[in-house]
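A short worksheet on the structure shown next.
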Amino acid sequence: MSGRGRGRGAYFRAKYGGGGRGRGGGPAGDAYGQGPPMIDDSIPQAGGTRDWKQLTNDLKSIDGQQYGAYKRLYGKYEHTGPSFTLSVDHVQGDAFASPSRVRAIMPWQQTGLPKEFLQSDIRRIALCDYVTRVCASVIRSKHMDQGPNAGGGGGWSGPKGGAFNINAPGQEVLPRTSAMISSSGETIELRFTTSLPAAGRTVLGQQAWQILAVNVVELVLQSLLYGNLDQIKLGQHVISVENQSALRAQLAPANLIAFVANGAILPRASGASAAPMDPKKAIRFQSPKELEVSFPLPDGSSVSGMGVARGITLLTGGGFHGKSTLLEAMQLGIYNHIPGDGRELIVTDPTAVKIRAEDGRAVSSVDISPFIRNLPGGRDTKKFSTDDASGSTSMATNIQEALEVGCKSLLIDEDSSATNLLVRDVRMQTLIRNEPIQPLVAKARSLFTQHGVSTVIVIGGLGDWLSVADQVIAMEGYIPRAITADAKAIVQQYPSMVTEDKTYGSVPVRNIQVNLAGTRSPFAMRKGFISMKPQARNPVDDPSEAEAGIDLNGIDQLVEVGQSRTIAVLLEQVAGKTAANASPLANLLETMSNRLGVENCLPTNLAHGDLVGARPLEFAAALSRMRGVSVNM
Ligand code: ADP
Ligand code: MG
């Protein structure tokens, strides 16, 4: 990237020493679909501790026995040279049940990793994220996953199981339970899932031995021993993440809500891929001179780029000139990215929320009166509830719910908005007198002055927004230009008739109660949906019940299914906490603060290896979309 100071490799060598070998993996792309359900929240302590030879003996002794004999593996096996513990935490009941879970736990001392990596949560997160990527890459390159999804496995009568995985990350560096450091810093562990292999209903001991006694050892050697890791690459990963985090922390003091570095690559390889566009094809970001700012980074370098100030910012320009791409990069600037992603030095206010229209979503008792009043039939918009919101009511709800949980920056794209919530021109104002909607264009100013909430909005065709903007940025062939002065001149020439509302109105405060009685444990098989099947009936008989759950597809800032899994696990905890009494949403988020967040380590007593950190904002967004979540104010 241009705009940088000295190279990161040099810093790394000075800081951590060592040369590094050419081993180690790149980012893993293949997401691993994990089976349901995930209920428990702590690791069962079953079985005893045995020495490593016993693992081979145990597998020999159960070979050819009924599948249930695998249960004998529960407990721990001690490997020596290097020493680590294989902990068998969950053994599936049959070959088709959700996979078994094992951990490899190594004393930090053994790893040879520099203890500087333990210094902060952000370093621990970056290190664990890196070793997860190395594992996923070795599993792929050595074809260790022999499950049906990987092309192994067999039909009804053939071999079953054989899947072996670690939860593979995408482009973001996030807290993950796939690799974790104990809070004391004494151990680091890897968490795998495996479908223990079977022929028909009998144990395939030899294949299980390959997984547990060979593959796991190989992965421990390759990804936990500093001497075997690509030390340069690891150092760059950690430093890059630390830089990003520190850069984000400098936004607020500089009165900015976003920063986009010169040289950044914003577009993605395709609509279906989060990988960067080929750098030979992409036009790198270059800030307009008027908006350029520079920041120092912790590694001693500095970075220059475009600062987006608090207030109301319009991103405009012709169609297909890169407006939405810029906004999308900004909405993911709440996360740190892997080196090479192209968006490493694009950072955004950590409370920023992408707002879109989401018709069809469920709404429970949200005050949307700042935007909508006097609905037909005298419907209350101070406690608006519906099973099927419209474009405008869903968008008003999304804004109000974001404010409820502390959002200070709204990110909006005309492409995915309800036009009637954004603006109403003078002709419509004259024609339709009993319009219940007060559009955002009339509210954005008071939202900022009264609640300190900024708006960044992509506008192609709605010129009324020019009159309320503090700054206007035009995208022209993917290069931004500052055109605030031109825009002001046009407003003089063609005055618009936006009647600004001097008072924004209230922000909702809700008490929430989640009742999961009669429902099976919520779980997420995919990013966009948390399934909550009823307990009693067989969902296979009734497709509508099979789809009972929470639709997360409107939450654009969720990036991994692992985040949805975390939300599902926490939902169950909220149900527990609110069983007797409804509780204010803010308090609920507070009590779960050590299980939420994207820059703090997750607690090691979360049992599963496929959970990924999510912001309280996304958790609240999911909670709010739950049908029948009961609310009283
Ligand atoms: P708009 O919202 O202005 O209509 P988009 O952001 O959707 O435009 O971008 C249009 C197309 O241009 C997309 O296919 C996108 O991948 C591509 N694109 C965006 N930014 C760049 C860039 N910096 N370099 C090359 N292609 C880009
Ligand atoms: Mg667009």
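Whatever order the structure lists them in is the order used to number ligands and atoms, beginning at 1.
Glu599 and Asn336 form a side-chain donor-acceptor contact under 3.5 Å, judged by distance and modelled atom types alone. Donor-acceptor pairing under 3.5 Å is recorded for the side chains of Thr393 and Ser390. Under the 3.5 Å distance criterion, with hydrogens and angles disregarded, a donor-acceptor pair is assigned to the side chains of Asn165 and Asp145. Donor-acceptor pairing under 3.5 Å is lacking for the side chains of Asp388 and Thr386. Side-chain atoms of Glu358 and Asn398 form a donor-acceptor pair, as typed in the model, at a separation below 3.5 Å. Looking only at atom types and distance, the side chain of Arg361 has no donor-acceptor partner in the side chain of Ser624 under 3.5 Å away.
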Using distance only, find each side-chain donor-acceptor pair of residues 476-485 under 3.5 Å and give its atom names and separation, not counting sequence neighbours.
unit_1: Glu476; atom_1: OE1; unit_2: Arg481; atom_2: NE; d: 3.0
unit_1: Glu476; atom_1: OE2; unit_2: Arg481; atom_2: NE; d: 3.1
unit_1: Glu476; atom_1: OE2; unit_2: Arg481; atom_2: NH2; d: 3.1
unit_1: Thr484; atom_1: OG1; unit_2: Val472; atom_2: N; d: 3.0

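Close contacts between ligand 1 and Ile283 involve ligand atoms 22 (C), 23 (N), 24 (N), 25 (C) [criterion: under 4.0 Å to a heavy atom]. The contact set between ligand 1 and His321, taken as ligand atoms under 4.0 Å from a residue heavy atom, comprises 1 (P), 3 (O), 8 (O). Every atom of ligand 1 is numbered from 1 in the order shown, and the set under 4.0 Å from a heavy atom of Ala282 is 24 (N), 25 (C). Which parts of ligand 1 touch Gly319 is read off a 4.0 Å heavy-atom cut-off, strictly below it: atoms 4 (O). The Gly322 neighbourhood of ligand 1 comprises atoms 1 (P), 3 (O), 5 (P), 6 (O), 8 (O), 9 (O), with distances under 4.0 Å to a heavy atom of that residue.
Geometrically, ligand 1 and Thr325 share a nitrogen or oxygen pair separated by less than 3.5 Å. Between Arg268 and ligand 1, a contact under 3.5 Å exists for no N or O pair. The shortest N/O to N/O separation between Pro267 and ligand 1 does not fall below 3.5 Å. Residue contacts with ligand 1: Met277 is placed with no nitrogen or oxygen under 3.5 Å of a nitrogen or oxygen of the ligand (distance criterion only). At a 3.5 angstrom cut-off on N or O pairs, Asp415 does not count as close to ligand 1.
Residue-level proximity to ligand 1 for Phe320 is carried by backbone and side chain together, each with a heavy atom below 4.0 angstrom.
Looking at Arg284, Gln286, Lys323, it is Lys323 that brings a heavy atom closest to atom 3 (O) of ligand 1.
Closest to atom 18 (N) of ligand 1, if we only count protein heavy atoms, is Tyr478 CE2, 3.3 Å. Remark: minimum distance from atom 7 (O) of ligand 1 to any protein heavy atom is reached at Ser324 CB, 4.0 Å.
The distance from atom CG of Asn167 to atom SG of Cys135, rounded to the nearest 0.5 Å, is 11.5 Å.
Between Asp470 and Lys488 there is no salt bridge, since no side-chain N of the basic residue sits under 4.0 Å from a carboxylate O of the acidic one.
In this view, Pro370 and Asp367, Gln400, Lys443, Tyr504 satisfy the side chain to side chain contact (heavy atoms under 4.5 Å, CB included) rule, not counting sequence neighbours. Checked against side chain to side chain donor-acceptor pair (under 3.5 Å), Ser324 has the following partners two or more places apart in sequence or in another chain: Asp413, Asp415.
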Requested in this report: Show your reasoning for whether side chain to side chain contact (heavy atoms under 4.5 Å, CB included) applies to His337 and Ser240.
Outcome: CA-CA 8 Å; His337 288 93; Ser240 170; over 6 Å; no
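Under the 4.0 angstrom criterion for non-hydrogen atoms, Gly318 is in contact with ligand 1.
With hydrogens and angles ignored, the 3.5 Å screen pairs a side-chain donor or acceptor of Glu404 with a backbone N or O of Arg510.
The tally of protein N/O/S atoms under 2.8 Å from the Mg ion (ligand 2) stands at 2.
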